[in-house]
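Each remark here refers to the structure printed beneath this line.
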Protein chains: 2
Amino acid sequence: MGLPIYLKIAEDIKEKINNGELKPGDAIYSENALCKAYNASRMTVRRGLALLANEGYIYSIPGKGNFVQEPDYNSYTLYYNEMENLVNSIDKTKLLEVNIILPDYKLINSLQVTRNKKIIVIRRLFFTEGEPVAYDVKYLPYYKGMPIVEKEIRYATFPQMVAKRTSLFAIKKELVISAQMPDEETKKYLNIYNELPLMVVEQKLYDREGKPIGLGITSFRGDYCKLYAESFFSDSKTAEKYKNEVSENANNLGDK
Amino acid sequence: MGLPIYLKIAEDIKEKINNGELKPGDAIYSENALCKAYNASRMTVRRGLALLANEGYIYSIPGKGNFVQEPDYNSYTLYYNEMENLVNSIDKTKLLEVNIILPDYKLINSLQVTRNKKIIVIRRLFFTEGEPVAYDVKYLPYYKGMPIVEKEIRYATFPQMVAKRTSLFAIKKELVISAQMPDEETKKYLNIYNELPLMVVEQKLYDREGKPIGLGITSFRGDYCKLYAESFFSDSKTAEKYKNEVSENANNLGDK
DNA sequence: AAGTGGTCTAGACCACTCC
DNA sequence: GAGTGGTCTAGACCACTTC
């Protein structure tokens, strides 16, 4: 069959872990044992084990062996894009303000700048089908020669805004998500007349050295925002590619 | 130096990507070229590249080459544990109800069961320093011989509850996060007398075959719950162990 | 035909753990 | 000292893309 040996090894062990044959803390067969069992070279066996290690299934202790890892119960992957979420997609934005200000106490702390540092403020409203659904504020320390392009300001997400200055690979991003009641100003912007909470997402970006390079606060109408997260144990990804082949091969062998 | 060659290769290329020398879509030196440049065997070079691929920095096209990957702007890692979050840790729970019910329409849909399937309901209150901070409901399809242990019911998180039935490795977890206003009952439970929103986290667990095995809804007082997420480009993990040595080497590059 | 990445081998030396 | 994992080599054959 077309399934590479290293994948076969990884899948077999993964299956043993998934069905409970191997439990967290248990030792796996040694690499040499696996070499013999699969009639494979050690590099091939190690490649299979490396896969499992990458997916969080096993870990190794030099001199002792490979062991089944305790799974991480509390880790999820969250997809967040202020322009797009479960409930709505932003189809229009309105620029409320673009300005350069001096930071107040909170901003000085959050962006770790001096009180004389100029800060760009961008305040926007996000619309979905004519309805205002989110109030968005970004704070960016101003640097000389920083390009400010109208179109970008209107339609860019936060990472896109700073991409001009730094490689996006180098950026660390943080989110703090909370439920809050809107103040009077926000109520007005978002056409809130009754008791309706906000989903507030605070987004902070850091450069490679860990220095903050931007703070964004997006306040969604509670009825227009749901965030979605999932635990992905990257199970299938590895063998997915071969899945068809496997079933094909089951039917017709031997051509090519 | 103690830094393994494959790590050195990976770090060098990563640096080129981070500082913008290599941009998304750009081709990397071919594996053979890297072999010569680092005076290394191809397996070693490929190990370095495999690292970068795993971290989302590059991808490869057979027959063409390795290329710099466009980073994923919208992906974050969220840590969620209903008993523990940014603001508070649950130090006491109160069991409101443990019961077996027949599912209503919504549960039938959500858990994908028949209307005759028995469902376990567990309703709890979570406390922090004497204050009720969250109202928690879990729905679990009932299976014969399912152990129900008082202590577990009181203090277990959702994944822990189902761990008895299925290997946790095999579980897929989903979260849907929203901001809502409390109903009268919840207000009473959580001592809410004024306008205070809820952070509602809906948690759904699936077994290996994708069948739902549990639904949980936790309603936190808005002032007692903040969720935290971060983008981790697993940068450091790889080289962390060698960091001291890396900075040593940073001074005397430029050879070759 | 030449170059690329994908898989794999059969060794090697090292540092470590366990006995 | 025997066994373990960690690193690495110098080849090999394959399928693929490009010219």
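Because the structure is a prediction, the values reported are computed rather than measured. Letters A, B, ... mirror the listed sequences (proteins, then strands); counts begin at 1.
Judged as a salt bridge (Lys or Arg N to Asp or Glu O under 4.0 Å), and not counting sequence neighbours, the contacts of A:D12 are A:K8. Not counting sequence neighbours, A:R47 has no partner by the salt bridge (Lys or Arg N to Asp or Glu O under 4.0 Å) test. Not counting sequence neighbours, A:E21 has no partner by the salt bridge (Lys or Arg N to Asp or Glu O under 4.0 Å) test. Contacts of A:A50 classified as side chain to side chain contact (heavy atoms under 4.5 Å, CB included), with partners at least two apart in sequence or in another chain: none. Listed by chain and number, the residues in a side chain to side chain donor-acceptor pair (under 3.5 Å) with B:T128 are B:N88 (sequence neighbours excluded). Qualifying side chain to side chain contact (heavy atoms under 4.5 Å, CB included) partners for A:A134, counting only residues two or more places apart in sequence or in other chains: A:F126, A:T218, A:F220. Considering only residues two or more places apart in sequence or on other chains, B:E84 meets the salt bridge (Lys or Arg N to Asp or Glu O under 4.0 Å) condition with none of them.
OP1 or OP2 of D:dT4 has not a single side-chain nitrogen or oxygen of A:S60 nearer than 4.0 Å. The shortest distance between the side-chain N/O atoms of A:Y6 and the OP1/OP2 oxygens of C:dT7 is below 4.0 Å. OP1 or OP2 of C:dT7 has not a single side-chain nitrogen or oxygen of A:T44 nearer than 4.0 Å. Proximity of A:R46 to the phosphate of D:dG6: a side-chain N or O atom is located under 4.0 Å from OP1 or OP2.
No contact: A:L49 has no heavy atom under 4.0 Å from any strand.
A:R47 places its CZ atom 13 Å from the C1' atom of C:dT9, with the value rounded to the nearest Å.
Classification of B:R208 and A:E15 as a salt-bridged pair holds, one side-chain N sitting under 4.0 Å from a carboxylate O.
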What N/O pairs connect the protein and nucleotides 11-13 of chain C at under 3.5 Å? Give each pair on its own line.
from, atom 1, to, atom 2, distance (Å)
C:dA12, N6, A:R42, NH1, 3.4

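For residues 25-46 of chain A, the pairs satisfying salt bridge (Lys or Arg N to Asp or Glu O under 4.0 Å) are A:E31-A:R42, A:E31-A:R46, with sequence neighbours left out.
DNA chain D lies under 4.0 Å from at least one heavy atom of each of the following residues of residues 23-41 of chain A: A:S30, A:E31, A:N32. The stretch residues 61-68 of chain B touches DNA chain D through B:P62, B:G63, B:K64, each having a heavy atom within less than 4.0 Å of the strand.
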Using residues 59-71 of chain B as the side-chain source, report each donor-acceptor pair under 3.5 Å to any protein atom, sequence neighbours left out, with the distance given to one decimal.
from, atom 1, to, atom 2, distance (Å)
B:E70, OE2, B:Y73, OH, 2.8

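Side-chain atoms of A:Y206 and A:E174 form a donor-acceptor pair, as typed in the model, at a separation below 3.5 Å.
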